[in-house]
Amino acid sequence: MVTSRWTAAPAQAASPATSLRRRGPVLERAILEAALDQLGTVGWNGLTMEGVAAAAQTGKAAVYRRWPSKEDLVADALQAGLSTLDAPPDRGSVREDLLELCREVREAMYSPPGFALRSIIHECDGAAAERFHGVILEGVVEPTVGLIKEVVRRGVERGEVRSGAVDDYVCDVIPAMMMYRSKMCGSEWGERDIEEMIDRVMMPLLRPDGG
């Protein structure tokens, strides 16, 4: 299941009459959500603090008071909004578990925070991207690879997967391919794409010795 810090507690929509009276966490969440939305629509290069303030229906001073730069704002927005995968699927076979996990990764990739994240990856120069390296690594890459490792580990225990397959290179294949083909090939990772990646790439890598 894909969740984020905002999934369990959706914000109450503010009417025009009350929007300017928001304070504290309610206003901060509106600003962070506006930042993610702006990233998904105008991209990193088009995002401005003024544009975020306008989208959040607040003044730019309220934004600058909390975040002195757009790098700081976007880092917090990503940390708050990025989807997380709660637990590895358990459908009884490594193939079915990997298929379901890839579907969940696709859902996260094409969520508003996912679009925002891809804007960061695609547009930022080296210096700016370094600011978000930890957020991306700790919030996206490491949790995803960890779930893949757990699925593969269960496959080893069931005898479906060769011993020694719980390997960093093997378990990096799915996120690496999904990010690369999304960025470079424009793939939207339909069901057929996911099945072919699992059947033509992952299953041969995982096949038991002599299988």
Side-chain angles (χ1 to χ4, degrees), residues 1-8 28-29 31-33 35-40 43-45 47 52 66-89 97-154 164-189 193-194 197-198 201-202 205-206:
M1 179 180 178
V2 181
T3 62
S4 77
R5 283 172 49 187
W6 292 338
T7 302
E28 289 179 3
R29 173 171 170 170
I31 294 170
L32 294 173
E33 288 180 327
L36 290 179
D37 182 66
Q38 290 283 293
L39 278 170
W44 168 260
N45 292 325
L47 183 142
V52 171
R66 292 165 173 81
W67 297 279
S69 71
K70 80 173 187 177
E71 288 84 0
D72 294 321
L73 170 59
V74 169
D76 279 358
L78 289 174
Q79 286 180 320
L82 277 176
S83 301
T84 58
L85 306 179
D86 297 329
D97 289 348
L98 288 176
L99 286 171
E100 182 60 27
L101 183 53
C102 287
R103 295 182 189 112
E104 293 178 2
V105 171
R106 177 184 61 195
E107 180 183 344
M109 285 175 62
Y110 289 94
S111 67
F115 278 111
L117 178 62
R118 283 188 288 151
S119 171
I120 295 294
I121 294 172
H122 295 181
E123 296 182 43
C124 281
D125 59 28
E130 185 64 27
R131 174 69 176 81
F132 306 109
H133 180 267
V135 175
I136 295 170
L137 188 66
E138 296 173 13
V140 179
V141 177
E142 290 180 347
T144 301
V145 171
L147 294 181
I148 294 169
K149 286 183 175 180
E150 181 58 29
V151 168
V152 174
R153 187 177 295 111
R154 288 199 309 236
V166 187
D167 174 88
D168 287 341
Y169 287 105
V170 172
C171 295
D172 279 346
V173 167
I174 288 175
M177 284 193 65
M178 293 189 78
M179 292 177 68
Y180 166 77
R181 293 185 66 85
S182 174
K183 178 178 179 178
M184 303 304 295
C185 307
S187 174
E188 295 187 357
W189 286 103
D193 296 320
I194 290 174
M197 175 176 61
I198 298 305
V201 180
M202 288 304 296
L205 282 173
L206 300 175

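Not measured: the values here are computed from a predicted model.
- Between Cys102 and Ile198 the shortest heavy-atom distance is SG-CD1, 3.9 Å.
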Verdict with reasoning, Asp76 to Glu28, per side-chain contact (heavy atoms from CB on, under 4.5 Å): CA-CA 10 Å; Asp76 279 358; Glu28 289 179 3; over 6 Å; no
Candidate pair Val105 and Ile174, rule side-chain contact (heavy atoms from CB on, under 4.5 Å), full reasoning: CA-CA 10 Å; Val105 171; Ile174 288 175; 5.6 Å; no
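- The CG atom of Leu36 sits 7.5 Å away from the CG atom of Leu82 when rounded to the nearest 0.5 Å.
- Heavy atoms only, all atoms of each residue included: Asp72 and Ser69 are closest at OD2-OG, 3.0 Å.
- Few gaps surround OH on Tyr110; more than 12 heavy atoms of other groups in view lie less than 6.0 Å from it.
- Residues Arg154 and Pro88 have side chains in contact (heavy-atom distance under 4.5 Å, counting atoms from C-beta outward).
- Leu47 and Ala35 get closest at one heavy-atom pair: CD1-O, 3.6 Å.
- Separating the CH2 atom in Trp44 from the CD1 atom in Ile120 is a distance of 5.0 Å, to the nearest 0.5 Å.
- Note that the CE atom of Met109 and the OG atom of Ser187 stand 7.5 Å from one another [nearest 0.5 Å].
- Between Leu32 atom CG and Leu78 atom CG the span is 10.0 Å, to the nearest 0.5 Å.
- Across every non-hydrogen atom of Met202 and Val170, the tightest pair is CE-O, 3.9 Å.
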Indicate every side-chain donor-acceptor pair of residues 135-152 with a distance under 3.5 Å to a residue at least two apart or in another chain.
from, atom 1, to, atom 2, distance (Å)
Thr144, OG1, Val140, O, 2.8
Lys149, NZ, Asp168, OD1, 2.6
Glu150, OE1, Arg153, NH1, 2.8

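- Annotation for Ile121 and Lys183: closest pair O-NZ, 3.9 Å, computed over non-hydrogen atoms.
- Nearest heavy atoms, Ile31 versus Arg66: CD1-CD, 4.5 Å.
- In this structure, the separation between CE on Met179 and NE2 on His122 is 7.5 Å, given to the nearest 0.5 Å.
- With rounding to the nearest 0.5 Å, the separation of CE in Met177 from SG in Cys185 is 9.0 Å.
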